[in-house]
Each structure stands twice: as C-alpha cells, then as structure tokens.
Amino acid sequence: MNLSTLNSSQKNAVTETEGPVLVVAGAGSGKTMVLTYRIAYLISKGVNPSNILALTFTNKAADEMKERIRHLIGAQAEKLSMGTFHSIFARMLRFESASLNYSSSYSIYDTDDSLSLIKRIMNELDISDNFLNPRFVQSRISKAKNKLIRPEAYENNFFGIHENKIKAIYEVYQQRLASSNAMDFDDLLIKPIELIEKDAKILQKYQKRFQYILVDEYQDTNHAQYKMLKLLSGGTNNICVVGDDAQSIYKWRGADIRNILDFTRDYSEARIIRLEQNYRSTRSILSVADSVIKRNLNQIEKNLWTENEEGNKVSVYECLDDKDEANYICKTITVKMMSKEFNINDFAILYRTNAQSRSFEEALIKSTIPYVVVAGTEFYRRKEIKDVIAYLRLLINPDDDESFLRVVNFPSRGIGQVSLDSLMKISIDNHCSLFKSTGILNESSVLSERAKKNFMSFHDLITKYAQLTERLNINELTRSLIDETGILKMYKEEGSEDSLNRYENILQLLNGIQDFTISNQGKSLVDFLNDIALISEIDKWEDKSNAVALMTLHSAKGLEFKNVFIVGCEDGLLPLSRDSNVDDLEEERRLFYVGCTRAKKNLHLSFARNRNRFGSLYPQTRSRFLDEIDERFVQFENTGVSYSYAHRRNTYSVKRTAQQKQKSVMPNYEDFSQEEKILTIGSKVSHDVFGEGTIRQMSGFGDNLKAVVEFDSGVRKHLMLKFAKLKVL
DNA sequence: GCAATTTACTTTTTT
DNA sequence: AGTAAATTGC
C-alpha cells in the first residue's frame, strides 16, 4: 500500500491500528480518505475483512467508502460490515430476533407510524392532545430511549403531572410495539444492547466478530450508540472514532457531544490524532467559517489551516425578498456557467428548512437551469406510497397494527370508525393484534354482521397474499395485490390533478420494486422493506447528476461543492429561533459552519429584507452570524435597486392607513401600484366578476402584489393585482 | 359511512 | 400557502 500521499497526521491515523484512537478531523481534512486507507491497511496487515465493523452516518457514505476500498484491495471489501448504526443493527436483530421474542420479519415503525401510535394510545388513555402535544410526548419518549431509560425507570417528577402521563403513555407504547412485532428507530439501537447485556454468549460472539471498530461522524452519536460501542469494543479495545465537535448538528435527535469531548476519559489509553490541514477550501472561505465558529465556547481547541490560495472573497448579498434571492442565484449560476469554468453539478443551494426550496425551484425552472431537490417531501412518506407499503408490511407481519389501520379501509370496504373502535377494543381485551382480532370475531356480539363480514374478507385477502409471498417475487406480488385492491384504478379514474400525481407515484414505486427484484435476486420482501425503511433521501442522490443540488444544511454534511450558496441568512431562520438558549444557538452556529465549509472555491451568503413565511411577508433582520464574520474576507452586495433604500433596514416606507397603524402586527408590504387611490388592507374594492368587497390581507411586491379580498357575497379570494383589475371605491 | 367543507397547523433539522 | 385533520351534512 502506498501511503506517501498522506501527511504525517493522516499517516498516523491510518497506521495506529491497535487500541482506542480518537481522530479529531477538521472540515475538509481528508477524513474519508483516512478511514478508507485505515480499513485497507488493516486488511493488508492480515485482518479478515469480516472482523471489521465500520459505522457511518448515511448509507451513501458507507457505499462510497466501500467502493473506494474495493479499488484499493479488491473484492474482499464485500465482506466488510459497513453501514449506518441503524442498518447494521437492524440486520443483527433479524438474526437474533428469537432471543427478544420478536419474529425476524418485524416491522420498522418510522416517525409517522410512531406518532400515530402515540396519538392512539393517548386517545385510549383519555389524555387530550390539548393537554399534551403528541409530538412532545414522542420526543420525550425518544430522548428517554436514547438515554436507555426504560418506561419503569422514567422519572415522573420532573415536569410534574405531564411526566406522569408521559410515563404511562411510554409504558403502553412499548407494550404495543412488542405486540405489533414492531420496532421504532430508537429500538434498533436499544434492543441490541438489551440483547447483549442479557446474554454474555451473544456479547462474546459479536466481540469476537468485530475486532476492529471504526466510527465516522462520532460527534453525532447518542448515548445508546456510545453504550453499544463500549460493549462491542470491550474485548479488544480496538476502536477508532473520527469526528469534529465543530460539526455536531444532531443534538435535537439525541446526539451527545460529550461522547467526543469525553472520549479520552472513557478510554484512558486513547491516543488523539488531529487532522488540521484543510485541503478543500480557499483561505477566504476557511477564514470566514473560522471567524464564526470561534464564537462557540464549547469546543475542542484546534487550528484548522490550509495551503490553498486565498481565492475570491465570500459574497454577502442583501436582497428584497425570497424571489429576489432566487433570481440573484439563478443569475449568478448562469454567469458562472458561461465562463465554462464549472459544471452544473458544481453548484449547491443550502437552506435551513425544506420549505425554502420552493422559491428556488420556481426561479430555476424559469431560468431553465436543471436542479435536484434532495429530500423535501420524501417519496416513501407520501400517503399513497405508505399505503402500498403498508399492505406489503402486513403480508410478512400481520400483527403490524399501524399498517393494518392504514389499509383496512383503503380502498373503502365499508369499515368505519365505529366498527374500528369496536375491533380495537376486542384487540385490547384479548391482548392481541388487530389482525388476530379479525380472526376471532365470531365470539363478538358488538359488531354488526355487515362489519364482521367486511373484516373477515380483509382477513382473507391478507392471508391469501401472505401465502403468495412464497411463490411470487416481490414485483409480481405487489402488482397483483394492487390490481386486486384496485388502488391504481381508483386514482386513475378519479382524474383530479392530485390523484393523477398519486397514480404516477405508485407507478414509480412499482418501477422501483421491479428494479429491486431484478438486481437483488436472492433478496426477500423482508429485505426490501428493511431497505426502504432505513434509506434516506441523501442516500439516493447521485452527485454525478447533471444538476444544481438543493438541500438542507443538515443533508449537506460530508459533501463538498465548488460553489455553495447559503440562503436565508436571517435571524430567526438561520439561526432558526424557537425558545433560544445558548446551546441551541451554538448548534445553529455549527450548522452554519458546516454549510460554509462545504465550499471549495466560492461561497455566497444571502439574506432577504422580507420573507414569506406561512403565506405572509415578514420583515427580517440579517443573521447575527453575518456580523460575526471577519470583514476582510467578505464582499457585500445588494439588489442595486436603491442602496440607500436598502440600508433603511425594515423601516422603509410602507403605506399604512390609520387603521393599520393601530394594528402594526400586520406584515409589511410595499405598494408599488401607481394608482392614485391606494390599495391597502381595509380598502373597499370592486371586481368585475366577484362584485364588491374588502381587502383583508396583502403580500408581495411589484408585479407579485397579491391581496386576499373578502367579497360581500362571502367569497374570499386570493388575487394577483396584476391580473385582477380591482377598482378602489 | 362517506363526501364535502372547514379548521388547524405547519417550518427545524432525520435514522 | 398548502396539507392534514376535524367537523358537518347527506
């Protein structure tokens, strides 16, 4: 193996193979290369690839690393255990399921399934969701699980009465998951720990199997993951973790930054190797990123440096609103593309929230610039897709109550809420799943004959196809099931734009299933469902695709682009505000840092003076992060509409009526109409078709000026003033 | 029991 | 603004 291309720290990180090692790897310091070489190096020293466990943050990262290792050492790479914590341990659980009283075809509940279960339990326990927000309950339960706190140990005094209720919900929640033969995402991490702690033989088996453990993105592991690593590495202590505390951005998901800060305490003989030379970005970009991140108090001391050229200054662009921001970016991309210096996939637009993608999509379409939105509304979370998947899940795990409830009356079989409530009662009384309950309806006197018949025919349908899973491949099975249930036909016949969309999505799913069947001959329906439960949108994204990439700052972790736009740099959006405490602000700052350090050549930051949120315009203040930047590396730009105007931040002229001044909470807008009489909120207007009415809301600028008009007939209309020729009365 | 209408809620980020 | 949930009317 040729290690001569590595610098001395990198070389150490590759060759120090025995004992615990912490690699503190700054952004762009060649972390992936080090991990890749380290694995190849281990194998070249005679370590059996099947004794190596490498845990990554995304499946995509695992696949890419495996591919690189294959280049270095050949087909042996296939024997590596490589993947995300969730996918590796989900597989382990399938194998060991019997010891946990689960079947190997258990279902994986995603966040939506889990939330719906929590809502159902709250309903049963008569806990109003006004009293307790189900999402809050979900997050409390998840956090407890991440900390390995079981329901019986759940502290019920912290938030008083609420915590009591949450504890009660948590208890039923775990029971219900077990009786449904289902695991949520947290269980995939917790159950392996239970398994290993319960049975020393199993622990020894896996300790022997995984003699060398490598963990990427260690700063984003949670307590359960930490515990699992501690147990697994207990035999040899050969554990190498790689991470950067400055890039820890998943605290909200239970990630515990102490895992990396305290690594040397937990593994006393650990060596620390620092990778501080950045090979990715220009000096300007790095200086900007560094000047911001150094405001954080909680961090490991380090000094990231580069030999790269200073490069262009980082641009900060002040725009009027979201549209202006989107247009500016399209224009910039177009100009840069004309220079022939870049490919279209050298550009990425990064934002804090998925909802921000819309204005860019519109502008990119208009400018005929190809783009891909990574994530957004995830394909597998769409209703119609989840419905089809629910059928498949039921076939291999009929006890999956969430799937049962999704499809028992879809398409409509004449089963309503009343019948369902009765069935749920039967299932609770008999401590069995809903599906099993449909098998014992003869004894029930509560249900009508009609309802019984409907439930039983559903029971028969599932039983029939469950048997067919033996004989048909996944593709044939799904197609025939969809045909018999008439789902596709239903959407096609309805003919609305919405249902046509759903129709096409299902076709797309069918194509995906066909591909899977062809390229994974040996794999079963269980494998397929497992795959799609644990795949993320970023996993599916092809960086080779010829398009501008749009994604959240979170999704961008681990990626790099020659040109990066970080948009919406406004207080409240980036940093995103809720009840802001210092920890949250530091995490937002790290997120901003992650974004900046994705850029190799050019970094463009932008903020808007006004932004559409929840449908109306709000004045914005530029992000405090922009003020933290070292000005020597920055170039400020603006719309050029009117510079002095631009400087009167949030105080520019808004034509307000006396009425409006009283209610100053109304969003600001600029009235560009040249009419003598001014259209404002409260103005009486007349419309050729709808008659007379009153303006209730306004938003937009210039040609995009929009009004919500309540007409005297009672109709409320959203009108674009450019088209709707309103007369002021 | 179902479709149509109204209301509420969302925008944090994801395995 | 756009979707999901809830409510109402048939």
Side-chain angles (χ1 to χ4, degrees), chain A residues 55-62 83-90 108-112 114-116 119 129-130 133-135 139 142 145-146 183-189 217 220-222 224-225 248-255 322 350-359 374-378 380-383 409 411-420 448 450-451 454 494 498 530 532-539 551-557 568 572-578 580 584 587-588 590-592 594-595 611-618 697 699-700 706 708 716 718:
Chain A
L55 296 159
T56 58
F57 200 71
T58 61
N59 295 298
K60 183 173 141 72
T84 62
F85 275 89
H86 289 86
S87 67
I88 294 278
F89 293 125
I108 297 173
Y109 277 9
D110 67 15
T111 328
D112 296 337
S114 142
L115 184 66
S116 128
K119 282 182 183 163
D129 50 9
N130 291 327
N133 183 342
R135 279 170 200 280
S139 107
S142 176
K145 292 175 87 165
N146 283 168
M183 307 228 189
D184 65 13
F185 287 136
D186 301 321
D187 285 330
L188 296 178
L189 304 175
E217 309 282 8
D220 280 322
T221 51
N222 63 31
Q225 290 165 324
S248 164
I249 53 175
Y250 283 92
K251 182 174 151 251
W252 54 275
R253 201 170 87 183
D322 347 42
L350 310 181
Y351 35 75
R352 178 67 239 261
T353 64
N354 278 308
Q356 286 166 258
S357 72
R358 177 159 286 132
S359 53
V374 182
T377 33
E378 288 175 55
Y380 289 106
R381 286 178 79 169
R382 290 169 186 276
K383 182 202 173 295
N409 196 38
S412 181
R413 294 184 178 85
I415 295 169
Q417 200 53 53
V418 181
S419 313
L420 260 181
S448 67
R450 196 168 73 103
N454 289 337
E494 203 196 305
D498 182 63
N530 198 43
I532 62 171
L534 297 177
I535 203 165
S536 71
E537 288 290 310
I538 195 83
D539 294 332
M551 67 183 86
T552 62
L553 288 158
H554 282 88
S555 300
K557 182 160 99 157
L573 191 58
L574 181 60
L576 192 73
S577 70
R578 40 200 211 287
S580 47
D584 290 340
E587 176 140 322
E588 294 290 316
R590 290 193 294 267
L591 193 54
F592 184 74
V594 166
R611 184 167 294 276
N612 255 310
R613 289 183 88 182
F614 302 108
S616 25
L617 260 196
Y618 294 93
Q697 260 180 56
S699 63
K706 280 178 246 174
V708 178
R716 245 177 126 84
H718 292 248

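Below, read A as the first sequence line, B as the second, and so on, with proteins coming before strands; counting in each chain starts at 1.
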Exercise. Quick one: list whatever passes salt bridge (charged side-chain N to carboxylate O under 4.0 Å, His left out) with Arg253(A), sequence neighbours left out.
Key: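 Partners of Arg253(A) by the salt bridge (charged side-chain N to carboxylate O under 4.0 Å, His left out) criterion come out as none, since no residue qualifies.
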Practice problem: Tell whether Arg253(A) reaches the base of dT13(B) with its side chain through a donor-acceptor pair below 3.5 angstrom. | Solution: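 No such pair is found, so the answer is no.
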Quiz item: Do the side chain of Thr111(A) and the base of dT15(B) come within less than 3.5 angstrom through a donor-acceptor pair of N or O atoms?
Solution: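 Checked by distance alone, the answer is yes.
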Quiz item: Given dT12(B), dC2(B), dT11(B), which nucleotide is nearest the side-chain atoms of Ser412(A)?
Solution: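 Minimum distance to the Ser412(A) side chain belongs to dC2(B).
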Quiz item: Which one, dG2(C), dT11(B), dT14(B), comes nearest to the side chain of Arg358(A)?
Solution: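 Of all the options, the side chain of Arg358(A) is nearest to dG2(C).
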Exercise. Could I get the full list of ring-ring contact (aromatic ring centres under 6.0 Å, His included) partners for Phe57(A), not counting sequence neighbours?
Key: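 Phe57(A): ring-ring contact (aromatic ring centres under 6.0 Å, His included) contacts with Tyr250(A).
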With a 4.0 Å cut-off on heavy atoms, is [X] in touch with a base, just the backbone sugar-phosphate, or nothing at all?
X	value
Tyr250(A)	sugar-phosphate
Ser419(A)	sugar-phosphate
Asn409(A)	sugar-phosphate
Arg450(A)	sugar-phosphate

Quiz item: How many Å lie between CD on Glu217(A) and C1' on dT15(B), as a whole number?
Solution: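 Roughly 13 Å, once rounded to whole Å.
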Quiz prompt | Centroid under 5.5 Å and tilt under 30°, Phe614(A) to dT11(B) | solution =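 Stacking is present between dT11(B) and Phe614(A), given that their ring centres fall under 5.5 Å apart and the planes under 30°.
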Quiz item: Roughly how far apart, to the nearest Å, are dA4(C) and dT13(B) at atom P?
Solution: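 Here dA4(C) and dT13(B) have their P atoms 15 Å from each other.
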Self-check item: DNA chain B: 5'-proximal contact among Thr552(A) and Arg135(A) (nearest heavy atom)
Solution: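 Checking each residue's closest nucleotide, the 5'-ward one belongs to Arg135(A).
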Practice problem: Decide, yes or no, whether a salt bridge links Asp112(A) with Arg381(A) under the criterion of side-chain N to carboxylate O below 4.0 Å. | Solution: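 Salt bridge flag = yes for Arg381(A) with Asp112(A).
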